[in-house]
Protein chains: 2
Amino acid sequence: MPADPATRRPARNTRRRILDTTLALYNALGEPNVSTTLIAAEVGISAGNLHYHFRKKDQLIGALLEQFIVDIEQLMPPDSWRAKDVEESWFLLHIIFETIWKYRFLFRDLSGIMSRDRRAGHRLSGVFNRAVATCRGICLGLAETDQLEATSAEIEALAHNLAVLTLYWLSFDTVRHPRRDEAGESIAQGVYQVLMLVAPFMRPVGRANIEYLATQYLTKQPGR
Amino acid sequence: MPADPATRRPARNTRRRILDTTLALYNALGEPNVSTTLIAAEVGISAGNLHYHFRKKDQLIGALLEQFIVDIEQLMPPDSWRAKDVEESWFLLHIIFETIWKYRFLFRDLSGIMSRDRRAGHRLSGVFNRAVATCRGICLGLAETDQLEATSAEIEALAHNLAVLTLYWLSFDTVRHPRRDEAGESIAQGVYQVLMLVAPFMRPVGRANIEYLATQYLTKQPGR
DNA sequence: GTCTATATAGGGATAGAC
DNA sequence: GTCTATCCCTATATAGAC
């Protein structure tokens, strides 16, 4: 750590700073509304310098998408994974919600991203499929330990519904309550909705537990 | 109907033709990727003429959004409405799915539309709220006729989940199966998913019926 | 690595003739 | 109502000095 006497600022990781502020701007204003000029200004560097680090605007989106995929794949267990209990499952969904929120700008135009960059599109379908697999793992885990009762067709349908809800709840809620900049409430209700989706398939004892958890989440938010 | 001898083409309803091809282009390529120049070319008129009919690009989106809202609000019954039976409900959801598909470009960046035009945003939240209300009407209708059994908290949660699923299923499915240009399969599976969402709350007899309906929908599609 | 200055393109929008 | 021609602006991207 070379200590230039207070002259030069961090500067080492300009790339990181660029990505961080870009992510913030994209989330706040939407990617199409953010120009490279604005990013440069916000980071406090010149447009030319920005271009040195990312030659094309697409590379910014690409890098952030890559970041997202790394983050989310790290969270999602392998396809063979099975949930042990309810708590583990909801904790998992909760942090997935948070990751989605962190990169929410991506979810504003998924098909746009996919059409611009075919490879990216392929990665994204992959993430979606893994989301379904994760939800399936939750259902199967609970079923195999006799906490949940459902036919395999029901489980399959439930897994898909869980995935849709998890991936799109925040978008849905944003439309109903625009200009919200903190996710707390929204995530809490999202988890609640997920719990209520699974509840009807739970056996009595587990169901009581899940409904208890649900009300816990519900009280986190002032009202609907 | 003045019959100019084969010289002038329909021309009367240029406005309609513009809107129709714009909708088609937006759906196919995504609104941000379609320039006014392209629209004019596709319609077979000049850019200047296009501008005569719609002074700003936003007015194109605005007009199509208005069309969508009119269409969808015509479909959605008033808040006091209650479903009579399962068939009526799924028919309703089915045509809502079709309308969403028809205007799917809007759903590619809802928050973008909302941030550009505040008034439009308000209209959209309204539609979403009405979607929830419609779903609520389905659940309450089935509950009041003893076909469905659920607490009011469960119904409330179910209504929201139904709305999310209905509004976002097609987006979800598009990510998993990009470059699909006809909606048949996708809608069929969407309806199936919706049915499976409600099934666990149905009383035995109704449940048999709903599961029968569900398999009907399922066979419409080759495989998952 | 970072800056300043500049090139280039494309899209939205306009003016005025027909 | 429709066309042609053109303007203007903004955003991306580049070149070259420090």
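Remember, predicted model here, so these are calculated numbers, not experimental data. Within every chain, numbering begins at 1; the chains are lettered A, B, ... in the order of the sequence lines, protein sequences first and strands thereafter. What you see below is based on every heavy atom in this structure, not just the backbone, and it leaves out hydrogens, waters and symmetry mates.
The minimum heavy-atom distance linking B:Leu195 with B:Leu213 is given by the pair CD1-C, 4.0 Å. Between A:Ile61 and A:Tyr26, the closest heavy-atom pair is CG1-CE2, 4.0 Å. Of all the heavy atoms in B:Ala153 and A:Met196, the pair that sits closest is O-CE, 4.1 Å.
Exactly one residue among A:Arg108, A:Arg104, A:Arg116 makes a salt bridge (charged side-chain N to carboxylate O under 4.0 Å, His left out) with A:Glu31. That residue is A:Arg116.
For B:Asp173 and B:Ser186, the side-chain atoms include at least one donor-acceptor pair closer than 3.5 Å.
Rounded to whole Å, the distance from CD1 on A:Ile18 to P on C:dT2 is 8 Å. Put simply, CD1 on A:Ile39 is 14 Å from C1' on D:dA13, counting in whole angstrom units. Taking atom CZ of residue A:Arg16 and atom C1' of nucleotide C:dG1, one finds them 18 Å apart after rounding to whole Å. In this entry the distance linking CG of B:Leu50 with P of D:dG1 reads 14 Å, nearest Å. Note: CD (A:Glu31) to C1' (D:dA11) measures 12 Å, nearest angstrom.
In this structure, the helix from C:dG1-D:dC18 to C:dC18-D:dG1 shows an angle of 0° between the axis at its start and the axis at its end, each fitted on 5 base pairs and rounded to 10°.
For the ring-ring contact (aromatic ring centres under 6.0 Å, His included) test, no residue two or more places apart in sequence or in another chain qualifies with A:Phe54.
Here OG1 of A:Thr22 is found 7.0 Å from CG of A:Leu50. Values are rounded to the nearest 0.5 Å.
Under a 3.5 Å cut-off, the side chain of B:Arg130 and the backbone N or O of B:Met76 do form a donor-acceptor pair.
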Under 3.5 Å, which protein N or O atoms sit close to an N or O of nucleotides 11-17 of chain C? Give each pair with its distance.
{"unit_1": "C:dG12", "atom_1": "OP1", "unit_2": "B:Lys57", "atom_2": "NZ", "d": "3.3"}
{"unit_1": "C:dG12", "atom_1": "OP2", "unit_2": "B:Thr36", "atom_2": "N", "d": "2.7"}
{"unit_1": "C:dG12", "atom_1": "OP2", "unit_2": "B:Thr36", "atom_2": "OG1", "d": "2.7"}
{"unit_1": "C:dA13", "atom_1": "OP2", "unit_2": "B:Lys57", "atom_2": "N", "d": "2.9"}
{"unit_1": "C:dT14", "atom_1": "OP2", "unit_2": "B:His51", "atom_2": "NE2", "d": "2.7"}

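Dashed line: the shortest gap from a side-chain N or O of B:Asn49 to OP1 or OP2 of D:dC3 is under 4.0 Å.
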